[in-house]
Amino acid sequence: FRDCAVFFSRKYGEENMISAIVHMDETTPHMHLNLVPIVDRRLCAKELFTPKTLRELQSDFWEKVGKKW
């Protein structure tokens, strides 16, 4: 989970992360990560999170975080 939080803080900026909370109360431990999608000092979720960028994010996340686990 630490690697996951570090990955997102580097990608989107630590100052844009609101929280990263691990939940152990269900069958599968998981993390809820909240961030504010800011680019050029404005909110831009539609620019950061398109179908294309989300596919790229999954691949990048796997290469930098998931693969070693």
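- No salt bridge links Asp3 with Lys64; every basic N to acidic carboxylate O contact stays at or beyond 4.0 Å.
- The salt bridge (Lys or Arg N to Asp or Glu O under 4.0 Å) analysis of residues 27-42, with sequence neighbours excluded, yields the pairs Arg42-Glu47.
- Judged as a side-chain hydrogen bond (donor to acceptor under 3.5 Å, both in side chains), the pairs with a partner in residues 19-28 (not counting sequence neighbours) are, in order, Ser19-Asn34.
- When side chains are defined from C-beta on, Met17 does not count as touching Val36, because their heavy atoms never get closer than 4.5 Å.
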Derivation of the side chain to side chain contact (heavy atoms under 4.5 Å, CB included) call for Phe8 and Leu57
CA-CA 10 Å; Phe8 280 95; Leu57 175 63; 4.1 Å; yes
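- Two different hydrophobic clusters hold Leu54 and Leu43 under the rule that ILVMFWY side chains link at heavy-atom gaps under 4.5 Å.
- Annotation for Leu35 and Leu33: closest pair CD2-CD2, 3.7 Å, computed over non-hydrogen atoms.
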Test log, rule side chain to side chain contact (heavy atoms under 4.5 Å, CB included), inputs Thr53 and Leu48
CA-CA 7 Å; Thr53 62; Leu48 286 181; 5.7 Å; no
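- Between Met31 and Ala5 the shortest heavy-atom distance is CE-N, 4.0 Å.
- In the hydrophobic clustering (ILVMFWY side chains linked at under 4.5 Å, chained through shared members), Val6 stands by itself.
- The six-membered or imidazole ring of Tyr12 lies away from that of Phe7, with a centre-to-centre distance of 6.0 Å or more.
- Taking each heavy atom of Val65 and Cys4 in turn, the nearest pair found is CG1-N, 4.2 Å.
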